[in-house]
K.L.:
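This is the structure, below, for whatever I ask next.
What you see below is based on every heavy atom in this structure, not just the backbone, and it leaves out hydrogens, waters and symmetry mates. Indexing begins at 1, ligand by ligand and atom by atom, following the structure's order. Only a predicted model underlies this, so the values are computations on that prediction, with no experimental measurement involved.
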Amino acid sequence: IMANAATKRGWHLYLVGGAVRDFFLTEAKTLALQDVDLVVDGFYQNAQAGAGVELAQLVQQQYPAVELQVYGRFQTAALIWHSQEDQQPLMIDIATARTEFYPYPAANPEVEASSIRQDLYRRDFTINAMAVCLTPPQPGVLLDYFGGLIDLQERQVRVLHANSFIEDPTRIYRAVRFAVRLEFRIESQTESYIRYALSSGIYSKMQEQVAKVPALQTRLKRELQYILEAPYWQSALGLLDKLGALKCLHSSLEMSDRLWHQLRRVSRWLERFQFHSAIAPWQLRLEVLIAQLQPRFRHTVATNLQLPSETIYRLKQLEAVEAELAQNLPTAQQPSQIVRQLRRYDLPLLLLISARQPRPTGQKIWQYLTQWSQVKAPLDGNDLKALGYQPGPQFKAILDDVLAATLDQQLQTRQEAIAFVTE
Ligand code: CTP
């Protein structure tokens with residue numbers, strides 16, 4: 001529909017970016033397109049900047065079930081097919097060919113209508129800067145102005161120009177993500193551009209310019225999420241550290257044996273004990289990374305990244321709760337004492353502390369999480385009513401005592417619990 005409509009209007013339509021790259025990397029039968037990027041180039045026919053939106057609207061008129069979103073400023077339209085089954089929707093982004101110029105480093109790109117070559121030139125890596133033309137006179141022809149195909153063969157991630165990382169430092173994270181995910185290497189000149197961008201203090205600019213360029217932090221958060229939720233998160237984090245790129249989060253952040261140990265611990269626990277209903281693994285890993293910073297920096301870093309409010313609150317509480325538990329837990333011997341200490345805190349906070357604290361404290365939290373927090377009193381409020389107690393504050397106190405006695409193995413059965421209450 002879109003190719004026909006574009007042809008009628010004298011425009012060109014292209015498939016660009018990740019879909020083209022993955023087409024060359026993947027066997028046709030296993031290629032599962034989920035995110036498709038299209039660019040419509042009508043500059044020479046005086047197309048309006050809204051050409052992409054116009055084409056998307058035509059599709060939606062014929063398929064009303066398809067969702068259409070329009071992002072005004074960049075004149076980009078997104079078509080979203082929600083499939084019946086429990087599958088990921090298919091997303092098609094349709095942009096109007098554009099170049100971007102950056103008013104100052106690390107800013108959000110301004111957009112103007114332009115040709116496909118310039119549109120491709122503004123992209124991150126050569127392997128992402130190829131296009132397949134979908135309209136006449138040569139439908140199916142590959143546009144590869146920057147050597148993307150050769151780089152795919154050489155298995156390397158290469159930027160198109162020296163300023164790429166200064167313009168958009170999140171590309172450092174993208175370079176790492178693509179390198180690790182595709183098992184490519186970062187081409188040596190590109191690596192030196194990364195190191196140059198980092199040594200020029202691009203990360204401190206990122207931190208300073210949060211108010212000015214909030215979109216940059218959103219993009220950084222998204223890249224961090226992609227990396228930390230991927231099966232290859234350890235290799236990616238290792239490479240980011242090797243390049244010194246973790247400093248984009250905070251100038252003092254770097255990996256250490258201790259930090260690796262903490263990250264692996266929480267990841268193992270999340271996997272083994274199905275805790276991920278309480279928190280997404282990437283989020284907890286990111287909290288472990290931020291918790292590594294001195295307490296006074298944690299809140300700012302989490303807020304700048306626009307992390308969820310519960311994460312910001314947890315990182316704010318962390319110092320005080322760790323101090324309290326480090327003091328009280330080692331002397332608490334009875335399980336009931338430990339449960340009373342810990343039950344007011346949420347699961348992710350306890351996982352975080354357990355991974356960070358030395359054995360005696362960490363192990364007690366761990367026992368609480370895996371055993372004691374699941375222990376139930378062998379009688380409930382109905383039993384108390386049957387025994388002649390009136391509901392009220394006393395109820396809770398009795399049930400608490402019964403639970404404590406159960407935890408400390410003084411009673412096990414319902415009969416024992418009833419005898420305990422009546423005595
Ligand atoms: N892009 C860019 N700079 C960024 C982010 C994106 O130049 N900081 C460009 C890339 O050319 C990319 C395209 O925008 O191909 C679409 O971005 P995205 O959907 O994030 O990447 P994909 O290449 O589609 O990769 P993925 O397979 O991870 O979705």
Side-chain angles (χ1 to χ4, degrees), residues 14-26 30-39 52 69 71 74 76-80 88-102 105-111 114 116-132 143-149 151-152 157-184 190 193-194 197 202 206 213-233 236 245 248 282:
Y14 302 93
L15 178 67
V16 295
V20 181
R21 176 198 68 220
D22 291 344
F23 172 79
F24 286 112
L25 284 176
T26 321
T30 56
L31 183 70
L33 291 181
Q34 221 142 53
D35 265 320
V36 176
D37 291 309
L38 299 176
V39 167
Q69 291 176 2
Y71 306 95
F74 297 107
T76 298
L79 287 168
I80 306 158
Q88 297 265 57
L90 167 69
M91 311 257 295
I92 301 190
D93 275 325
I94 308 119
T96 305
R98 65 201 196 194
T99 49
E100 291 175 12
F101 62 92
Y102 291 77
N108 219 9
E110 296 295 326
V111 175
S114 171
I116 183 69
R117 190 182 193 283
Q118 276 168 300
D119 184 281
L120 295 172
Y121 184 63
R122 77 182 168 83
R123 287 166 188 267
D124 49 4
F125 309 115
T126 59
I127 56 171
N128 291 338
M130 294 183 284
V132 174
L143 304 185
D144 178 17
Y145 299 111
F146 314 106
L149 208 48
D151 286 334
L152 277 183
V157 176
R158 185 162 64 88
V159 274
L160 275 69
H161 54 85
N163 263 344
S164 195
F165 298 113
I166 305 270
E167 286 169 354
D168 183 354
T170 55
R171 286 179 173 168
I172 300 172
Y173 281 61
R174 288 175 64 84
V176 165
R177 178 156 69 84
F178 285 118
V180 174
R181 179 174 117 196
L182 303 174
E183 297 180 7
F184 280 25
T190 300
Y193 294 147
I194 291 180
I202 194 72
M206 279 180 87
V213 276
L216 192 66
Q217 292 288 328
T218 314
R219 295 210 300 269
L220 181 60
K221 178 175 95 173
R222 200 178 56 202
E223 287 304 328
L224 274 166
Q225 175 178 348
Y226 285 154
I227 284 176
L228 291 174
E229 74 189 1
Y232 50 75
W233 66 271
C248 291
W282 76 268

K.L.:
Is the shortest heavy-atom distance from the side chain of Val36 to the side chain of Met91 under 4.5 Å?
P.N.:
no

K.L.:
Which of the atoms of ligand 1 are close to Arg123, meaning less than 4.0 Å from one of its heavy atoms?
P.N.:
7 (O), 11 (O), 13 (C), 14 (O)

K.L.:
Check each atom of ligand 1 against the heavy atoms of Phe178 and keep those under 4.0 Å away; list them by number with element.
P.N.:
23 (O), 25 (O)

K.L.:
Check this for me: does any side-chain nitrogen of one of Asp124 and Arg171 sit under 4.0 Å from a carboxylate oxygen of the other?
P.N.:
no

K.L.:
Given side chains that start at C-beta, do those of Val157 and Asp151 come closer than 4.5 Å, heavy atoms only?
P.N.:
no

K.L.:
So, Phe184 versus Phe178, ring centres under 6.0 angstrom or not?
P.N.:
no

K.L.:
Hey, does Glu223 sit under 4.0 Å from ligand 1 if you only count heavy atoms?
P.N.:
no

K.L.:
Relative to the heavy atoms of Gly18, which atoms of ligand 1 are at a distance of less than 4.0 Å?
P.N.:
15 (O), 23 (O), 24 (O)

K.L.:
Strictly distance-based, threshold 3.5 Å: is any side-chain N or O of Thr96 a donor or acceptor partner for the main-chain N or O of Gly52?
P.N.:
yes

K.L.:
Checking the N or O distance criterion of under 3.5 Å, is ligand 1 in contact with Arg219?
P.N.:
no

K.L.:
Assert yes or no for the condition that the ring centre distance of His161 to Tyr193 is strictly below 6.0 Å.
P.N.:
no

K.L.:
Any salt bridge between Asp168 and Arg174, counting N to O under 4.0 Å?
P.N.:
no

K.L.:
Under 4.0 Å from any heavy atom of Asp37, which atoms of ligand 1 are there?
P.N.:
16 (C), 24 (O)

K.L.:
Please could you name the atoms of ligand 1 that Arg177 approaches to less than 4.0 Å, counting only its heavy atoms?
P.N.:
28 (O)

K.L.:
Can you list the atoms of ligand 1 that are under 4.0 Å from a heavy atom of Arg171?
P.N.:
2 (C), 3 (N), 7 (O), 8 (N)

K.L.:
With a 4.0 Å cut-off on heavy atoms, is Gln34 in contact with ligand 1?
P.N.:
no

K.L.:
Tell me: protein heavy atom nearest atom 21 (O) of ligand 1, and distance?
P.N.:
Arg174 NH2, 3.2 Å

K.L.:
Can you tell which of Leu160, Asp124, Thr170 gets a heavy atom nearest to atom 9 (C) of ligand 1?
P.N.:
Asp124

K.L.:
For the backbone of Ala245 and the side chain of Tyr173, can you confirm whether one donor and one acceptor N or O come within less than 3.5 Å of each other?
P.N.:
yes

K.L.:
Run the contact test for Tyr226 against ligand 1 with a 4.0 Å cut-off on heavy atoms, strictly below, and give the result.
P.N.:
no

K.L.:
Looking only at distances, please establish whether an N/O atom of ligand 1 is found under 3.5 Å from an N/O atom of Arg21.
P.N.:
yes

